[in-house]
Amino acid sequence: MAEKDGILWKLLGRERKEIYRRRWYKFKSNPLSVLGLGIVATVVFSAILAPYIIPYPESVGLYMNFTEAFQPPSLKHPFGTDGYGRDIFSRTIYGFRYSLLLATVVLSIVVVPGTILGMIAGYYRDTKIETAIMRLTDIFLGVPPLILALAVASVLSPNLINSMFAITLMWWPWYTRLAYSSTSAVVNEPFVKAAQLIGSGLKHILFKEIAPNIMGSILTKVTLDVGWVILIGASLSFLGLGAQPPTPDLGTMVAEGAKYLPYYWWPTIFPAMAIVYIILGFNLLGDGIRDALSSD
Amino acid sequence: MSWGKYLAKRIVSLAFVLLGLSILIFTISRVLPGDPARLALGPRASEEAVEALRKQLHLDQPYPIQYLYWLKDALSGKLGQSLYTYRDVSQDIREFFPATLELVLYAAIFNTIGAITLGVLAGRHAGKWPDHITRILSYVSVAVPSFVFAIFFQLLFSYYFSILPSYGRLSDGVAPPPTITGLITIDSLITGNLNTFVDALKHLILPSLSLALGMMGQEARITRSSIVENSRKDFIVNMESHGISEKKIMFKYLLKPSLIPTISVMGLDIAGTLANAFLVETIFNWPGFSKYGVNVMLRKDLNGIVGVVMMVGLTFAVINLIVDIFVAYLDPRIRYSMGGK
């Protein structure tokens, strides 16, 4: 092994930089990927800065001003106002905040354990460990995730925290399955065999040899999943089994607004378009990351 | 492996998944803080009545025993009383399921036609405008959830243009046909009632299209890349160079191998529409199984929730089994290895 400051390490470092540079070039040469990054950036920034940038902060909560109720979109209220006279633009921006919070919490809980389980199952192929883990994921994936999440959310009391819990409980098997198939693809490669031969421990093989090789597909899935988790969360609250009014959750806002269709379209359509905007952004970004990471 | 062995293996694993799912959902439904018997009878019922119901529902037994009681009933087709309709859940499911089946069936038809047509057009004209349109449509289809399509369609076609009805399976005043299959379009055709058929079809278009559009884009993309890939293969290039007509190449040789990946995904997607139907049926006030599912969930009707999840699991498993058999049949490499022709 070369010293950490030896010439070999410097060369390796330069090569790695070169790889990143090439990936970034590949990513930015596809306008759709850049569009995705742009959309995601606006969502993330407006979610973080929401309290400072929304024009009507009082609209976020239990505010009522019936003289302003059902104002159509105008310069004063770009997305119009709802039945309580609350500014829908402010509520939608705040909705980004709740949506991203949901996705961040769910994914930061499920990704690591789900992936590790999948790596273990893939590493111990044709053993009882593989069978046990993979049959368990089959059970969880035996119905669409929305249905199980709805079932869990419904036996608990409906609110934002419980819908996070419900989605978390249902989301890990996707990572287990992905990590399993990616691990299976590399587990017979010479570098894994070599590590086994020199007597490396399980921890070293899983995290130093296998993990770096499957991170690309996991990262792509995480990006795409932000959109899907937000959609499941919005679906839960649309059906009344997620965040409850007056929380400015996008799904709740769509459901609340739908009561006034077809007379007032804006309380429904703008939050619905916000959901579309988020999903589109994370999908384009995810596709871009996948393409940039593939075959370099 | 022979077909018989393959089927047996698949059915065993299907039964295993359903058994596991029943344990999972039963556990979820019973760890809930609260007393199902009290929930069923309401806050004003006497303590004795609640106690009696608790005994009747075996709620006084430990949890694994409760599960075995449930399993025994479930295997004989009883899923317990619903707190929402006060009937056995299996009876409810039998009543409401055909409406959802009809919806999903029409969604599947729209989706299959749309996805394959778009995919084939895009694949055969790769890089030209049919390809670009398909690409844009596929992004729209992926990014817009079914329930947003549903709201848009309802607003546009029912309210602003009043072309199509906005809720229910039939218009007021149109008598439903006698129940034979439970699918109104089929029942009305069997009994020769054309007006009812047309009315039912009109009611089906918007909700089933909302469900179909959600899955169409990705499948069109898969069909496209598969067509592009197969068009480059030697056997197709060979036929083209012999001057065999485009039509014959398309339908006789190119389509079959190209559709295999699409069909695998389609199976998953169609099963997945059962989840989207929860939202779309709510929007179109469709009196189906998914709407029933939403209602039992909102009422914390435990037997109903368990029954609904199990029914979705069963449908999911059966659709996937059918798709896998179909794909195995389409792919000669699998078909011959099973000793078929």
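By convention in this document, chain letters (A, B, ...) are assigned in the order of the sequence lines, proteins followed by strands, and residues within each chain are numbered from 1.
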Would you say that [X] contacts [Y] through its side chain, given a criterion of any heavy-atom pair below 4.5 Å between the two side chains?
{"X": "A:Ile147", "Y": "B:Phe316", "answer": "no"}
{"X": "A:Val155", "Y": "B:Lys300", "answer": "no"}
{"X": "A:Asp138", "Y": "B:Phe16", "answer": "no"}

Taking [atom1] in [X] as the centre, count heavy atoms belonging to other residues, nucleotides or ligands within less than 6.0 Å. Is the count above 12?
{"X": "A:Phe45", "atom1": "CZ", "value": "no"}
{"X": "B:Tyr167", "atom1": "OH", "value": "no"}
{"X": "B:Phe97", "atom1": "CZ", "value": "yes"}
{"X": "A:Trp228", "atom1": "CH2", "value": "yes"}

How about residues 271-285 of chain A versus chain B: which residues have heavy atoms under 4.5 Å apart?
A:Ala272, A:Met273, A:Ile275, A:Val276, A:Ile279, A:Leu280, A:Asn283, A:Leu284
Write out, in numerical order, the residues from residues 256-266 of chain A with a heavy atom short of 4.5 Å from a heavy atom in chain B.
A:Leu261, A:Pro262, A:Trp265
Atom [atom1] of [X] and atom [atom2] of [Y]: how far apart are they, to the nearest 0.5 Å?
{"X": "A:Leu169", "Y": "B:Leu24", "atom1": "CG", "atom2": "CG", "answer": "7.5 Å"}
{"X": "B:Tyr139", "Y": "A:Asp287", "atom1": "OH", "atom2": "CG", "answer": "4.5 Å"}
{"X": "A:Thr268", "Y": "B:Ile151", "atom1": "OG1", "atom2": "CD1", "answer": "6.0 Å"}

Under a 4.5 Å heavy-atom cutoff, which of A:Leu32, A:Val143, A:Leu136 has the most pairs with chain B?
A:Val143
If you tally heavy-atom pairs under 4.5 Å between each of A:Leu231, A:Ile139, A:Leu146 and chain B, the highest tally belongs to A:Ile139
B:Met297 versus A:Ser154, closest heavy-atom pair with distance
O-CB, 3.4 Å
Looking at A:Pro144 and B:Ala275, what are the two nearest heavy atoms and their distance?
CB-CB, 3.5 Å
Which region of A:Ser235, side chain (C-beta onward) or backbone (N, CA, C, O), has a non-hydrogen atom less than 4.5 Å from a non-hydrogen atom of chain B, or is it both or neither?
both
For [X], is it the side chain, the backbone, both or neither that has a heavy atom under 4.5 Å from a heavy atom of chain A?
{"X": "B:Val144", "result": "both"}
{"X": "B:Ile25", "result": "side chain"}
{"X": "B:Phe147", "result": "side chain"}
{"X": "B:Leu18", "result": "neither"}

Below 4.5 Å, heavy-atom pairs only: which of B:Val148, B:Leu279, B:Leu21, B:Val17 has the largest tally toward chain A?
B:Leu279
For each of B:Val294, B:Thr282, B:Val142, tally heavy-atom pairs with chain A at distances under 4.5 Å, and name the one with the top tally.
B:Val142
